[in-house]
Every structure is written in structure tokens, then in C-alpha cells.
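Okay, structure first, notes after.
Numbering starts at 1 and runs along the sequence shown. Since this is a predicted model, take the numbers as computed values, not measurements.
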Amino acid sequence: MRVAIIVWQFPVLSETFILNIITGLLERGNEVDIYAHLPGDTSKVHPAVEKYKLLDRTYYVPPIPKNLVLRGFKAIRLLWDNFQKKPLVVLRTLNFFKYGLRSISLWLVYAITPLLDKEPYDIIHCQFGTDGLTGMYLRDVGAIAGKLITTFRGYDISTYVKKEGDRVYDQLFRSGDFFLTNCEFFRRRIIQMGCNEKNALVHYSGIDCTQFAFTPRHPSNDGKIRIATTGRLVEKKGIEYCIRAVAKLAKVYPNLEYNIIGDGELKADFEQLIQALNIGHAVKLLGQKNQQEIIEILDKYQIFVAPSVTASDGNQDAPINVLKEAMAMGLPVVSTYHGGIPELVEDGISGFLVPERDVDALAEKLGYLIEHPEIWHQMGKAGRAYVEKHYDINKLSDRLVEIYSKVLANAPYQPLKSKSKLSIKVTG
């Protein structure tokens with residue numbers, strides 16, 4: 001199949017779930033093009049970007065000047081050049097009555113540019129709900145052709161909806177061909193917002209389990225208790241509450257070491273908090289790392305914590321990949337009753353779940369794991385088995401191709417009903 005992947009930015013180091021989709025499709029003999037509004041940071045990229053030469057498959061929207069005069073002059077040139085290729089498409093972008101601000105701002109003029117010399121696609125797969133809106137407008141003006149599939153992942157169905165209102169996807173739900181979510185929690189939400197239940201299916205974000213070797217966890221020879229968190233330093237990840245929990249534990253366990261892998265807007269705030277709590281000896285901010293570096297770090301650790309919370313802007317997480325990766329490596333985990341995470345972490349089996357923002361509960365469960373190293377191996381095995389069964393990228397890639405085929409054939413689906421039926425069954 002010919003598949004167009006629409007994203008806002010590419011490549012993004014933290015979005016391995018999109019890379020996994022692209023590489024899975026390529027490995028199965030599909031032709032894939034990537035369309036992005038903005039280029040990502042290429043100074044540190046995932047190895048798959050280079051291995052599969054993904055930048056050669058990526059097409060970007062021309063930079064849109066903020067200065068309205070410059071934007072207008074550049075748009076005139078684009079209009080002239082593009083008109084020679086597809087005059088009707090260009091004229092549709094200027095339909096201010098139908099497309100409103102997207103047309104008035106000249107966004108559509110810029111957005112169609114990388115698409116005009118491309119043949120029709122079988123599938124247009126938009127990787128977030130906001131990208132689905134982009135794909136919808138581009139298809140409507142005729143800049144791109146194909147079945148439109150949109151995946152909802154988190155921000156797009158939480159923060160964006162809170163900002164724009166519950167009706168923001170009404171037109172997309174009417175005109176899109178199919179919709180995927182990365183957890184049942186978000187599937188229920190899009191159905192509540194008006195998506196046809198028959199057109200909505202859970203399709204998890206997978207990981208390549210072969211890249212994450214299982215290692216039984218045991219107390220270290222040097223007596224250190226090593227706990228890790230991986231994630232962007234943003235409110236949604238809840239890292240502040242784990243820092244506070246570790247501050248409580250450090251008074252009891254002076255050999256405790258908590259390392260935070262990642263970067264983000266709250267870095268300075270966390271540095272100040274660590275200093276204020278006088279735990280600089282126990283808590284370190286390691287900065288952003290690539291996947292291989294993260295694997296090498298986690299190989300030496302005993303407990304993984306992902307204290308996700310609902311952010312003040314409404315942002316929520318699905319079952320996050322860093323948790324899947326840690327579980328695949330055999331780490332017992334502590335996380336929260338948040339978004340789609342309870343669909344991944346089985347409380348008391350592969351780890352523990354606590355309420356959001358509950359510092360005392362985090363400290364209690366981390367303390368329990370510290371005091372009971374005999375359960376680390378058992379929890380780690382359970383986590384590995386669960387991830388292999390439900391989140392293996394190879395199985396999910398096969399399933400995605402099957403979903404594409406069913407969408408092309410307009411065949412019906414049997415949606416995922418509950419957590420007890422985690423495999424996706426597609427029937428014709």
C-alpha cells in the first residue's frame with residue numbers, strides 16, 4: 001500500500017511510537033511518505049531515522065512567515081507556482097467562506113505545496129487528532145487523496161479539546177474514514193464526543209521487545225537503591241511529586257539514588273525544588289538521552305516510577321511507552337491511576353498504582369518495594385509477559401496493515417470492548 005503519514009513535526013526523539021509505525025510499515029513492503037509542518041531536531045535522532053533513511057521520505061510545509069506582508073508576498077509566489085500544477089486545488093484554498101481562518105491566514109496555500117506532485121495514497125494516517133484536522137482539509141481541497149485514518153493519543157483528546165471545546169472534531173468524525181486510539185480510555189472519550197462506535201478501534205502504541213533485554217532485578221552489591229524516571233520535564237509527567245516522595249524516603253534510606261532522564265520546561269523548577277529539599281545528593285537530572293543511552297542506564301536500576309498526573313490544561317497520558325520499555329526490561333514499576341495507564345500496569349502484579357499527586361502513597365509504595373526486593377523478579381516477569389502479549393510492535397504492525405486493508409475494503413470491525421479483551425480482533 002501507499003501510505004501518507006501526517007505529523008506536526010518530524011523527527012521528534014520522544015515520539016518513538018510514530019517511528020515504530022513507519023518502520024513497521026516499511027518492513028512489510030509498504031511505501032511510506034511523511035508530511036510534517038516543521039522539521040525536528042536532527043542533532044540527536046533515533047537510530048531508525050538513519051537506518052531507514054526517513055528524512056529522504058519526509059516532506060515539509062514551506063516556512064510560514066509570521067510577518068503578514070512577507071507571508072502574503074511568499075504566498076503569491078506559491079500560488080503562481082502551484083497553479084501550474086493543480087489549478088483547481090489552488091483555487092479551493094482561497095475559499096474563505098468554507099475554510100475560514102485556515103484560508104484567510106494563507107495556511108492552506110502553504111500546506112498544499114509539498115503534496116501537489118504526489119500520486120493518490122491508499123491510506124492517509126494522521127498521527128494525532130489535530131493532524132487529522134489537517135488531513136481532512138488537505139483532502140477536502142484535493143491536495144491529497146486516500147482513506148483518512150486518525151489516531152488519538154493524549155494531548156489531542158484532552159488539552160486540545162478543553163481549549164477548543166467538545167465539538168472541535170465534529171466535522172472530522174463525519175468525514176474521516178476510521179479512527180484509532182492508543183487506549184480504551186480515549187476510545188470511550190471520542191465516542192462520547194460523537195465518533196461512531198463502529199468506526200473507532202483501540203490500537204496500542206507498541207515497542208520492539210527485542211530491543212529491551214529482560215534482566216532480573218536484585219539488590220546491588222554496593223548497597224545502592226536505584227530508582228529511575230524517564231520523561232519530558234512537564235507538568236503531565238508528575239515528576240515533582242516523585243521528587244517530594246524521594247525526599248521523604250531519603251531520610252530513611254541514605255543510600256537511595258533517584259535519577260530523572262529527560263529535559264523540558266520545568267527543569268529549572270525541579271533544580272530549585274531539589275535544592276530546597278536538600279536532596280541533591282540523592283536526586284539527579286540526567287538530561288535528554290537517546291534510546292540506547294536510556295537502556296544502558298535502566299540496566300543498572302531496580303525500580304521505575306512514572307507518576308503521571310492530569311495537567312492543569314487537561315493534558316492526559318495513554319499507556320506511555322517508557323513504562324512499557326521499563327516493564328519489558330524487568331523493572332517493577334510504580335505509576336498512577338491516570339488516563340490509560342491502568343490498562344498497562346496491573347496493580348499488585350507488575351507494579352503498583354497510586355492516586356495522582358499523592359506524595360505519601362508514592363513514598364509508601366516505593367518504600368514497600370525497597371523493603372521487599374524478593375518480589376522484584378516476580379513483578380518484572382509479569383510486566384515483561386504483559387508487554388510482550390499486548391504491546392509487541394511486530395504483532396501490532398501486522399494488525400495495523402490488516403486494519404488498513406479492512407478500511408480500504410470498507411469492511412466492518414469488532415471494536416475492543418474491555419481491558420479483559422486486549423487483543424484487537426478485526427473481522428470481515
Side-chain angles (χ1 to χ4, degrees), residues 7-9 12-18 40 127-131 151-164 166 168 181-190 204-205 207 227-246 258-274 283 285-289 294 304-327 333-345 351-359 361-362 365-366 391:
V7 294
W8 179 254
Q9 189 174 30
V12 178
L13 190 60
S14 62
E15 293 182 350
T16 54
F17 47 88
I18 292 177
Q127 294 303 309
F128 288 87
T130 46
D131 299 320
T151 295
F152 291 90
R153 299 186 179 279
Y155 162 87
D156 50 355
I157 198 64
S158 54
T159 305
Y160 187 72
V161 171
K162 184 176 180 180
K163 178 182 176 183
E164 301 295 334
D166 288 347
V168 67
T181 63
N182 54 3
C183 62
E184 179 63 21
F185 180 78
F186 288 146
R187 177 178 177 270
R188 290 195 300 268
R189 181 168 292 177
I190 66 170
Y204 295 120
S205 295
I207 66 169
I227 302 172
T229 288
T230 303
R232 291 176 294 122
L233 308 187
V234 296
E235 182 189 1
K236 180 175 70 169
K237 299 304 177 183
I239 294 170
E240 171 194 343
Y241 305 100
C242 199
I243 292 173
R244 295 185 183 279
V246 167
Y258 176 46
N259 282 341
I260 302 163
I261 306 166
D263 204 352
E265 60 193 41
L266 295 182
K267 180 180 179 181
D269 293 344
F270 291 161
E271 289 174 338
Q272 292 175 8
L273 179 61
I274 291 166
V283 182
L285 300 175
L286 301 187
Q288 186 167 273
K289 306 291 181 183
I294 293 172
F304 188 87
V305 58
S308 295
V309 302
T310 302
S312 55
D313 62 3
N315 203 353
Q316 291 180 304
D317 269 327
I320 50 180
N321 273 11
V322 294
L323 260 176
K324 299 167 196 169
E325 293 164 1
M327 291 166 69
V333 300
V334 177
S335 192
T336 52
Y337 289 105
H338 166 87
I341 288 176
E343 298 175 41
L344 169 63
V345 178
F352 294 113
L353 294 172
V354 301
E356 294 184 19
R357 293 182 169 86
D358 194 330
V359 172
L362 275 170
K365 293 304 183 184
L366 288 170
Y391 296 95

**Request:** Begin with the C-alpha distance, continue with both residues' side-chain angles, and end with the deciding distance and a verdict on side-chain contact (heavy atoms from CB on, under 4.5 Å) for Phe128 and Glu15.
**Result:** CA-CA 12 Å; Phe128 288 87; Glu15 293 182 350; 4.0 Å; yes

**Request:** Report the C-alpha distance between Ile243 and Phe270 in whole Å, list the side-chain angles of each, state the deciding distance to 0.1 Å, and finish with yes or no for side-chain contact (heavy atoms from CB on, under 4.5 Å).
**Result:** CA-CA 8 Å; Ile243 292 173; Phe270 291 161; 4.0 Å; yes

**Message:** For Ile341 and Leu323: C-alpha separation, side-chain torsions, deciding distance, then whether side-chain contact (heavy atoms from CB on, under 4.5 Å) applies.
**Reply:** CA-CA 9 Å; Ile341 288 176; Leu323 260 176; 4.0 Å; yes

**Request:** Could you walk me through whether Tyr204 and Leu344 pass the side-chain contact (heavy atoms from CB on, under 4.5 Å) test, one step at a time?
**Result:** CA-CA 10 Å; Tyr204 295 120; Leu344 169 63; over 6 Å; no

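The two residues Thr230 and Val322 make their nearest non-hydrogen contact at O-CG2, 3.5 Å. Residue Gly154 comes nearest to Asn315 through the heavy atom pair C-OD1, 4.0 Å, listed as atom of the first residue, atom of the second, then distance. Closest approach of Leu362 to Pro307, counting heavy atoms only: CD1-CB, 4.1 Å. The minimum heavy-atom distance linking Leu285 with Glu271 is given by the pair CD1-CG, 3.6 Å. Across all non-hydrogen atoms, the minimal contact from Val305 to Cys242 is CG1-SG, 3.4 Å.
Residues meeting the salt bridge (Lys or Arg N to Asp or Glu O under 4.0 Å) test with Arg357, sequence neighbours left out: Glu235. For Thr181, the side-chain hydrogen bond (donor to acceptor under 3.5 Å, both in side chains) test picks out no residue, with sequence neighbours left out. Under the side-chain hydrogen bond (donor to acceptor under 3.5 Å, both in side chains) criterion, Asp313 pairs with Thr159, sequence neighbours left out. In this structure, the side-chain hydrogen bond (donor to acceptor under 3.5 Å, both in side chains) partners of Lys237, at least two apart in sequence or on a different chain, are Asp317. Judged as a side-chain hydrogen bond (donor to acceptor under 3.5 Å, both in side chains), and not counting sequence neighbours, the contacts of Glu356 are Thr310, His338.
No donor-acceptor distance shorter than 3.5 angstrom exists from the side chain of Lys365 to the backbone of Ser335, with no hydrogens or angles considered. A distance-only check finds a donor-acceptor pair linking the side chain of Glu343 to the backbone of Phe185 [under 3.5 Å].
With contacts defined as side-chain heavy-atom distances shorter than 4.5 Å, the pair Arg153/Ser205 qualifies. Using a 4.5 Å heavy-atom cutoff, the side chains of Arg244 and Leu273 are in contact. Side-chain contact between Ile18 and Val7 is present, with at least one heavy-atom pair separated by less than 4.5 Å. Two residues are said to be in side-chain contact when any heavy atoms from C-beta on lie closer than 4.5 Å; Tyr241 and Val309 meet this criterion. Residues Phe152 and Arg189 fail the side-chain proximity criterion, which asks for heavy atoms closer than 4.5 Å.
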Sequence neighbours excluded and cut-off under 3.5 Å, please list the side-chain donor-acceptor pairs for residues 258-265, or say none.
from, atom 1, to, atom 2, distance (Å)
Tyr258, OH, Thr229, OG1, 2.7
Asn259, ND2, Tyr301, OH, 2.2

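Taking the six-membered ring where tryptophan is involved, the planes of Tyr160 and Tyr155 are tilted, since the angle between them lies from 30° to 60°.
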